[in-house]
Each structure stands twice: as C-alpha cells, then as structure tokens.
Amino acid sequence: MSDLLFLFSTTLMYSTPLIFTALGGVLSEKSGVINIGLEGMMTFGAFAASWVAITTGNPWLGLIAGGIAGLLLSILHAVASIRFQANQVVSGMAINFLGSGLAVFFCRIFFDGTSMTPPLDLEKKIPVFFGQYATVYLAFLATALIWFTFNKTTLGLRLISAGEHPKAAGTAGIKVSYYRYIGVLASGLLAGIGGGSLSIAIVSNFRPTLISGQGFIALAAMIFGKWNPVGTLFACLFFGFSQALVVYIGGRPEIHISSQLLATLPYILTLIVLVGLMKKTTAPSALGK
C-alpha cells in the first residue's frame with residue numbers, strides 16, 4: 001500500500017508541469033496556431049520563477065513571474081505566426097532556442113556567472129497541502145476552467161472556430177486573428193507557470209537541464225489527449241506515472257536496471273504513443289494555416 005501511495009503522490013507531482021504546459025498547447029492549437037515553442041517558454045518561465053522567488057522570498061510572486069516570462073516569449077511567436085504569417089514550426093523552434101538562451105544569459109548576470117540558481121529555502125517554495133504542492137490543485141482547476149471555457153462560453157467557441165473554420169468565422173464577423181492571439185498568449189502564460197512549478201516546487205532551483213524535453217512531452221500529451229483538456233490531463237498523468245516509475249524503480253536496490261536506461265523511459269513512451277496514435281487523431285482543421 002505504501003508503494004502505491006508513493007507512486008500516486010509522485011505521479012501527481014511530476015504531472016503538474018506537464019498539465020500546465022500541455023493545456024497551453026491545447027489553447028494555442030485549438031485556435032489554429034502550432035506551438036512547439038513550449039519547451040523554451042517553460043525554460044524561461046522556470047528561470048524567472050526561481051529568480052523572483054529567491055529575490056522576493058515569495059513563491060507565488062515567483063510563479064506569476066514564470067507565467068509572465070512565458071507570456072513574453074509567446075508574444076514573439078504570436079506576432080511572427082499571426083501578424084507576419086511566418087512558418088509556425090520554425091518560429092516555435094526559434095522560441096525554444098531563445099528561451100533556453102535567455103534563461104542561461106540572465107542567470108549568469110544575476111548569479112555571479114553561474115548557470116544555475118541557488119537552492120530555494122523551504123519557506124520560499126510553493127507550499128504543500130495534504131501532501132501535495134499547491135500547484136497540483138491549480139493544475140486540476142486550470143483543466144476544469146479550460147474545459148468550461150471551451151464548452152460553455154462564447155469565448156471558447158469562437159477560439160475553437162478560429163482553429164476549425166477560420167473563413168466561416170471571419171464571414172460571421174469573428175476576428176480570427178484576435179482569438180488566435182488569445183490562444184497563443186495563454187499558451188505562453190501556462191507554459192511559463194509549468195516551468196515555474198518545476199523550479200520552485202519539485203526541484204527547488206533552476207539549471208539549464210531542468211526542463212530536458214518536458215515541453216515536447218507536453219506536446220505529445222496534447223496529441224495523446226486529442227486536443228481535449230480532460231483527455232490531455234489524463235495523458236499527462238500517464239507520462240507523470242512513467243516518471244514516477246523511474247523514481248520508484250531507481251530507489252529499489254534489488255532491481256538491477258541502469259539509471260541511464262531508466263531515464264529514457266518517459267521519452268520511449270512518448271515515441272510509442274506518437275507512433276501509435278498519429279493516424280488515429282484529428283488535429284484542428286486549420287492548424288498551421
């Protein structure tokens with residue numbers, strides 16, 4: 001029973017950054033804009049959250065700063081993709097490089113030339129309630145809010161129409177570009193919060209290798225969840241469980257498996273899921289157009 005509780009708790013913990021980031025991907029891509037820049041937005045958000053939490057001593061200000069950092073990068077992606085109609089994949093890749101580069105650059109400026117921030121004191125971390133970080137509950141709340149927005153509000157329906165039938169939406173008087181900006185900027189905000197939930201809750205500091213593909217796993221979870229907030233949530237829990245399994249097996253000396261081999265498990269599962277589901281999922285009709 002203790003092993004099951006450990007796996008359950010660890011799954012929730014590692015799923016949280018993925019949930020925030022994957023939900024951001026859902027918002028962007030449901031509006032019709034591909035966003036593979038989530039990795040860079042997460043990285044820059046993780047640094048900003050750690051820096052502000054250390055400087056102010058307030059983890060909530062740090063989490064907000066992480067969201068703002070991701071939002072700033074998403075503005076660049078939105079302008080390039082929507083205003084100037086640049087290739088959205090190329091723009092997203094540029095954001096990935098830019099986000100990681102800016103994070104290390106500012107880290108070296110603010111922390112005496114080092115590429116990682118000092119560890120956070122316990123009181124500067126996100127607080128724990130009932131055995132879980134507060135960000136876990138916020139991630140589930142965000143899922144519920146986005147589901148409600150998509151299914152019960154005019155804003156959500158118009159955002160979806162921008163990604164499914166932009167010409168019809170434009171004919172009906174809906175400003176497609178306006179709703180696409182909302183989707184992309186919201187994705188940056190959530191990706192930055194996802195990075196922050198990793199650096200000031202789970203790991204306690206920022207370092208260049210902190211994200212290490214989490215943004216791309218979040219993209220896979222979005223596809224696995226079929227661009228649906230609830231489906232994406234369960235997909236993130238699946239990938240979070242794979243990371244929890246790595247931690248659990250790695251802590252059992254009687255199980256002789258290389259730690260390097262174990263570390264590849266989440267990425268192997270990502271590939272298997274993508275290969276198995278790419279032909280069975282249907283993206284928004286106007287995605288990337």
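Numbering of residues begins at 1 and proceeds along the displayed sequence.
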[X] (side chain) donor-acceptor with [Y] (main chain) under 3.5 angstrom:
X    : Y    : value
D121 : K124 : no
S15  : C236 : yes
T232 : A22  : no
E39  : N96  : no
H165 : S285 : no
T11  : L7   : yes
R207 : M116 : no
T209 : S212 : no
S9   : F6   : no
S197 : G194 : yes

Please tell me whether [X] and [Y] are part of a single hydrophobic cluster in this structure, the criterion being side-chain heavy atoms less than 4.5 Å apart.
X    : Y    : result
F148 : F150 : yes
L61  : I68  : no
I82  : V26  : no
L72  : I95  : no
V52  : F106 : yes

Kindly indicate, with the supporting measurements, whether the criterion side-chain contact (heavy atoms from CB on, under 4.5 Å) is fulfilled by L219 and F216. CA-CA 5 Å; L219 279 174; F216 293 108; 4.1 Å; yes
Got a second to check how far [X]'s [atom1] is from [Y]'s [atom2], nearest 0.5 Å?
X    : Y    : atom1 : atom2 : value
I211 : I217 : CD1   : CD1   : 10.5 Å
F234 : N228 : CZ    : CG    : 10.0 Å
I223 : K226 : CD1   : NZ    : 12.5 Å
I146 : L141 : CD1   : CG    : 10.0 Å
I174 : L159 : CD1   : CG    : 10.5 Å
L76  : M41  : CG    : CE    : 8.5 Å

Of all the heavy-atom pairs spanning [X] and [Y], show the shortest one and how long it is.
X    : Y    : result
A46  : G195 : CB-O, 3.4 Å
S242 : L269 : CB-CD1, 3.2 Å
H77  : S91  : ND1-OG, 2.8 Å
M13  : P17  : O-CD, 3.6 Å
A139 : L23  : O-CD1, 4.2 Å
K30  : W227 : CD-O, 3.6 Å

Looking at side-chain heavy atoms only, is the closest gap between [X] and [Y] below 4.5 Å?
X    : Y    : answer
F111 : W51  : yes
W60  : I126 : yes
T16  : Y133 : no
T10  : Y248 : no
P166 : K289 : no
I54  : N205 : no
K125 : I200 : no
L237 : L12  : yes

Just by distance, no angles: are the side chains of [X] and [Y] close enough, under 3.5 Å, to form a donor-acceptor pair?
X    : Y    : value
S81  : Q88  : no
T43  : S100 : no
Q214 : T21  : no
N35  : S187 : yes

Could you walk me through whether F239 and F224 satisfy the side-chain contact (heavy atoms from CB on, under 4.5 Å) test, starting with their C-alpha distance in whole Å, then the side-chain angles of each, then the deciding distance to 0.1 Å, before giving a yes or no? CA-CA 10 Å; F239 286 117; F224 191 10; 4.2 Å; yes
Can you check side-chain contact (heavy atoms from CB on, under 4.5 Å) on C107 and F206, steps first, answer last? CA-CA 9 Å; C107 191; F206 168 80; 4.3 Å; yes
Is the centre of the F129 ring less than 6.0 Å from the centre of the Y137 ring? no
Give a yes or no on whether Y14 atom OH has more than 12 heavy-atom contacts from other residues, nucleotides or ligands under 6.0 Å away. no
Counting only heavy atoms not in D112 (residues, nucleotides, ligands), do more than 12 fall under 6.0 Å from its CG? no
Taking it one step at a time, do M42 and F20 satisfy side-chain contact (heavy atoms from CB on, under 4.5 Å)? CA-CA 10 Å; M42 277 190 82; F20 282 120; over 6 Å; no
Any idea how F47 and F110 line up, ring-wise: parallel (<30°), tilted (30 to 60°), or perpendicular (>60°)? parallel
